[in-house]
Structure formats: C-alpha cells, structure tokens
S.K.: 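Below: one structure in structure tokens.
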Amino acid sequence: MTRLSVSELLQPNLVAAGTLVDLPLHGLLAQGIRALVLDVDRTLLPHRGSSLPEPMEAWLKRAQETVPLHLFSNNPSRARIGGVAERLGVDFTTSAGKPRRSPLRRVLQQLDLPAAQVAMVGDRVFTDVLAGNRLGMYTVLVKPIDAAGQPCRHEHWQRFEVKLAQLAGAELS
C-alpha cells in the first residue's frame, strides 16, 4: 500500500449530509461495499445513551438484510456496546484504540473481505476516518446524533476536527 499524505488520511470518501439513518445503503452498495464497520458513540447511540433511537434501529435492521455489520468502538464498556450488538445480533469490538490498525485488521479478517469492500462509518475524523483510511477502507463521515437520534446541534468535536483536517488539506465541506 502506498504511503498516504496527511490530507489523504483525513479525507473521507463520503461526507454525509446527515446522520447514519440518512445514508442511502444502495449508494454504498454501488461503490462495491460488502460490509459495514460502524462506530457506536454518537454515530449509533447518543452521548451516554444506551438504547438505539427507533429510526437508527430500523436503518440497522434494513442494512443487516444486505450486508454484515460490525460495531467498532473505542468505548471500553462491553456491557453498553455488547448490549447494542446483542440486540442486533452482530459482532462487536470494544476498546478498539482507533486509529490503531491491528483491531481493525482483525475485523477485516473476520469479515473475510478486502479493505476496499468494507466501509468504516463514524462521526469522528481523527478516529473513524483516519483508522479506516490507514487500511484502505471506504470511509464515511456522518453527523453525530443527539438523544432523539437527530443530528446533534452541539457537535463541537466534529467541527473542531473538520477544521483541523481542512487546515491539513482535506476537503470536508
């Protein structure tokens, strides 16, 4: 694999206009995506929340009918992340240490797919996007969610990371 520049490492393949539930699955399939690795905190669950908002659960169930899902979180709470994974009937990784590559490599081996056919979807540039890009995955940046499952209006971390990535040359508008 060729060495990527900082701007390439921070550049998602897709910057979604909304949250995960607004992401058209058919568009990912058209890109050759055959599995999804999903961040959990603020991508699937609201900050400190432990239950999936109804629209999120419905989207995930529809997605499962087409592609395998794997929940991938830096959060160490096996009870919290595992509870969501169990409800969906999917595999999960906690304490992932994103943007480290080795835990994500294990997931790719488990999925038995080339990295380019797996999308890493999350709300953070310096963890989710960077981790996926380091392995050549298709990366998607979505808006973080609030307690109602709507785009969070107070997305300070994402705005900060987007500004830093833009200063490094990434185009995230």
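As the structure is a prediction and not an experimental result, all values here were calculated from the model.
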S.K.: Any non-hydrogen side-chain atom of S77 less than 4.5 Å from a side-chain atom of T94?
M.R.: no
S.K.: Distance-only, no hydrogens or angles: does the D128 side chain make a donor-acceptor pair with backbone N or O of D123 under 3.5 Å?
M.R.: yes
S.K.: Would you call Y138 and V118 a side-chain contact if the rule is heavy atoms closer than 4.5 Å?
M.R.: no
S.K.: May I have the step-by-step check of side-chain contact (heavy atoms from CB on, under 4.5 Å) for I81 and S73, ending in yes or no?
M.R.: CA-CA 8 Å; I81 307 305; S73 179; 3.8 Å; yes
S.K.: Does any non-hydrogen side-chain atom of P144 lie less than 4.5 Å from one of P151?
M.R.: no
S.K.: Sub-3.5 Å donor-acceptor pair from the side chain of E8 to the main-chain atoms of S5, do we have one?
M.R.: yes
S.K.: Any salt bridge between R42 and E155, counting N to O under 4.0 Å?
M.R.: no
S.K.: Do any N or O atoms from the side chain of T93 and from the backbone of F72 form a donor-acceptor pair under 3.5 angstrom?
M.R.: no
S.K.: For the residue pair L10 and Q166, establish whether any side-chain heavy-atom pair is separated by less than 4.5 Å.
M.R.: no
S.K.: Between D39 and R124, is the closest basic N to carboxylate O distance under 4.0 Å?
M.R.: no
S.K.: Which atom pair, heavy atoms only, marks the closest approach of V121 to T43?
M.R.: O-CG2, 4.2 Å
S.K.: Is the backbone N or O of L135 less than 3.5 Å from a side-chain atom of R101, with the two atoms forming a donor-acceptor pair by type?
M.R.: no
S.K.: Give a yes or no answer on whether the side chain of D112 reaches the backbone of Q109 with a donor-acceptor pair at less than 3.5 Å.
M.R.: no
S.K.: Where do H70 and Q110 land on the side-chain contact (heavy atoms from CB on, under 4.5 Å) test, with the steps shown first?
M.R.: CA-CA 10 Å; H70 186 100; Q110 181 184 359; 3.7 Å; yes
S.K.: If you round to the nearest 0.5 Å, how far is CG of L130 from CD of E161?
M.R.: 9.5 Å
S.K.: Is Q11 reaching over with its side chain to a backbone N or O of E171, donor-acceptor style, under 3.5 angstrom?
M.R.: yes
S.K.: If we ignore hydrogens and angles and just use 3.5 Å, is the side chain of W59 paired with the main-chain N or O of L23 as donor and acceptor?
M.R.: yes
S.K.: Donor-acceptor pair, Q64 side chain versus L88 backbone, under 3.5 Å?
M.R.: yes
S.K.: Between N74 (side chain only) and K98 (backbone N and O only), is there a donor and an acceptor less than 3.5 Å apart?
M.R.: yes
